[in-house]
Undergrad: 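Sharing a structure, written as structure tokens. Questions coming.
Hydrogens, waters and symmetry mates are skipped; everything else that's a heavy atom, side chains included, is used.
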Amino acid sequence: FWLRALPRLKSTYMFRADLKNYRLDTVCTPAGYDLIFPWRETAVVSDGDEALCSREALIAQMSSGDLIGVALYEGRVVHHSLAQTRGTVVTESARSAFELQDKDAYIHYCKTTPGHQGKGIYTMMLHNILTGLAQEGYRNAYISCAQHNTASARGILKAGFAYDYSEKALWMLSGHIRLAFKCTEPDNLTVSKKVAR
């Protein structure tokens with residue numbers, strides 16, 4: 001109990017992509033991979049994919065309104081990213097939740113299996129998702145990552161997102177008490193801002 005009661009500082013970067021002006025470039029996909037967005041073929045998720053995400057979890061996310069992007073390798077799901085298109089968004093360090101506006105999306109729950117990390121799949125999937133959302137008339141896409149996760153932030157910027165703001169929260173009692181504040185200046189955004197396409 002006492003360890004959970006100790007205060008912890010959590011910092012999150014929030015990024016935004018302006019989809020009205022998003023450049024719809026084609027993206028290079030690594031050999032052997034298929035990137036699909038939106039993906040609806042949950043029947044092909046095999047038992048070997050359970051460590052990444054179970055078929056039941058994917059179906060539940062679809063029914064809640066999420067659009068799913070997957071990377072397949074030899075027919076197996078090796079990466080997934082979800083695009084929430086309605087409802088409330090809450091990040092770990094948010095002062096408060098915010099409601100997604102019409103034609104806005106929040107990308108979350110992005111996971112790649114360990115054997116396929118470091119191949120640029122994450123960035124390419126984000127690019128595919130942004131392209132798909134832009135073609136469907138979405139206006140804005142948001143994504144967040146922990147401030148210490150520079151690899152994720154770098155991939156997010158390369159995909160076409162721009163820094164929007166950062167949030168910091170002091171967690172006590174496992175988040176039951178949160179003191180949070182929002183910062184609009186990227187005072188210590190240490191990753192490269194150059195967008196590589």
Side-chain angles (χ1 to χ4, degrees), residues 7-24 27 37-38 53 61 64-69 79-112 117 120-134 136-172 174-197:
R8 287 177 297 154
L9 183 65
K10 297 199 174 191
S11 301
T12 302
Y13 288 133
M14 183 67 76
F15 301 88
R16 184 179 74 86
D18 178 2
L19 298 177
K20 296 186 299 295
N21 300 307
Y22 189 68
R23 215 167 76 196
L24 301 177
V27 62
F37 176 82
C53 189
Q61 292 297 145
S64 70
D66 280 357
L67 302 174
I68 300 176
H79 170 93
H80 64 65
S81 293
L82 307 183
Q84 180 181 337
T85 58
R86 62 178 184 247
T88 305
V89 171
V90 182
T91 65
E92 284 194 330
S93 55
R95 294 180 301 170
S96 60
F98 69 90
E99 290 291 322
L100 285 172
Q101 301 301 307
D102 185 43
K103 291 300 183 180
D104 284 356
Y106 177 68
I107 300 170
H108 65 115
Y109 198 29
C110 305
K111 286 178 73 175
T112 306
Q117 293 172 357
I121 296 169
Y122 176 54
T123 299
M124 287 180 276
M125 178 55 69
L126 290 180
H127 178 83
N128 271 14
I129 291 173
L130 293 181
T131 299
L133 292 173
E136 291 297 316
Y138 282 82
R139 299 176 307 168
N140 296 291
Y142 299 91
I143 192 170
S144 62
C145 73
Q147 187 173 344
H148 66 269
N149 192 349
T150 55
S152 180
R154 203 172 289 120
I156 289 167
L157 291 170
K158 283 182 180 178
F161 284 89
Y163 172 87
D164 198 20
Y165 60 88
S166 64
E167 299 171 320
K168 295 183 188 299
L170 187 64
W171 275 42
M172 291 169 283
S174 294
H176 289 89
I177 301 173
R178 281 193 289 176
L179 305 172
F181 61 93
K182 183 175 176 178
C183 176
T184 55
E185 293 300 319
D187 52 346
N188 55 357
L189 183 62
T190 57
V191 297
S192 169
K193 287 191 169 188
K194 186 176 179 182
V195 175
R197 295 228 179 160

Undergrad: At what distance, to the nearest 0.5 angstrom, does CZ of F161 lie from CE of M14?
TA: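 Between F161 CZ and M14 CE, I get 10.5 Å after rounding to 0.5 Å.
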Undergrad: Identify, with sequence neighbours excluded, every residue that meets side-chain hydrogen bond (donor to acceptor under 3.5 Å, both in side chains) alongside E99.
TA: T88
Undergrad: Centroid-to-centroid, Y22 to H127, below 6.0 Å?
TA: yes
Undergrad: What are the two closest heavy atoms between L157 and A162, and how far apart are they?
TA: CD2-CA, 4.3 Å
Undergrad: Using salt bridge (charged side-chain N to carboxylate O under 4.0 Å, His left out) as the criterion, list what pairs up with R139, not counting sequence neighbours.
TA: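 Partners of R139 under the salt bridge (charged side-chain N to carboxylate O under 4.0 Å, His left out) test: D104.
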Undergrad: Under the salt bridge (charged side-chain N to carboxylate O under 4.0 Å, His left out) rule, collect the residues that match up with K20, sequence neighbours excluded.
TA: D18
Undergrad: Any idea which heavy atoms bring K103 and E136 closest together, and the distance?
TA: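 In this case the closest contact between K103 and E136 is NZ-O, 3.3 Å.
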Undergrad: Let's go through H108 and D66 carefully: what are the C-alpha distance in whole Å and the side-chain angles of both, what is the deciding distance for side-chain contact (heavy atoms from CB on, under 4.5 Å) to 0.1 Å, and is it a yes or a no?
TA: CA-CA 10 Å; H108 65 115; D66 280 357; 3.1 Å; yes
Undergrad: What closest approach, in Å, do I129 and S81 show between heavy atoms, and which atom pair accounts for it?
TA: CD1-CB, 3.6 Å
Undergrad: Any chance you could measure E167, atom CD, to Q147, atom CD, to the nearest 0.5 Å?
TA: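 Taking CD in E167 and CD in Q147, the distance rounds to 11.5 Å.
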Undergrad: By the definition side-chain contact (heavy atoms from CB on, under 4.5 Å), identify the one residue from I156, L130, D164 that meets it with I143.
TA: I156
Undergrad: Quick one: does H80's side chain have a donor or acceptor within less than 3.5 Å of a partner on Y109's backbone?
TA: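 Yes, H80 side chain to Y109 backbone: donor-acceptor pair under 3.5 Å.
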Undergrad: I'd like to check the side-chain hydrogen bond (donor to acceptor under 3.5 Å, both in side chains) partners of S152; sequence neighbours left out, ordered by chain and number.
TA: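 For S152, the residues satisfying side-chain hydrogen bond (donor to acceptor under 3.5 Å, both in side chains) (neighbours in sequence not counted) are Y122.
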Undergrad: To check you understand the geometry: which heavy-atom pair defines the closest contact between G155 and T123, and what is its length?
TA: CA-OG1, 3.1 Å
Undergrad: What class does the angle between the rings of F15 and Y13 fall in, given that below 30° is parallel, 30 to 60° is tilted and above 60° is perpendicular?
TA: perpendicular
Undergrad: Taking all heavy atoms of C110 and all of I107, pick out the closest pair and write down the distance.
TA: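 Nearest heavy atoms, C110 then I107: SG-CG2, 3.9 Å.
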Undergrad: Mind checking the CG-OG1 spacing from L126 to T131? Nearest 0.5 Å is all I need.
TA: 10.5 Å
Undergrad: Dump the intermediate steps for side-chain contact (heavy atoms from CB on, under 4.5 Å) on T85 and L100, then the final yes or no.
TA: CA-CA 7 Å; T85 58; L100 285 172; 5.8 Å; no
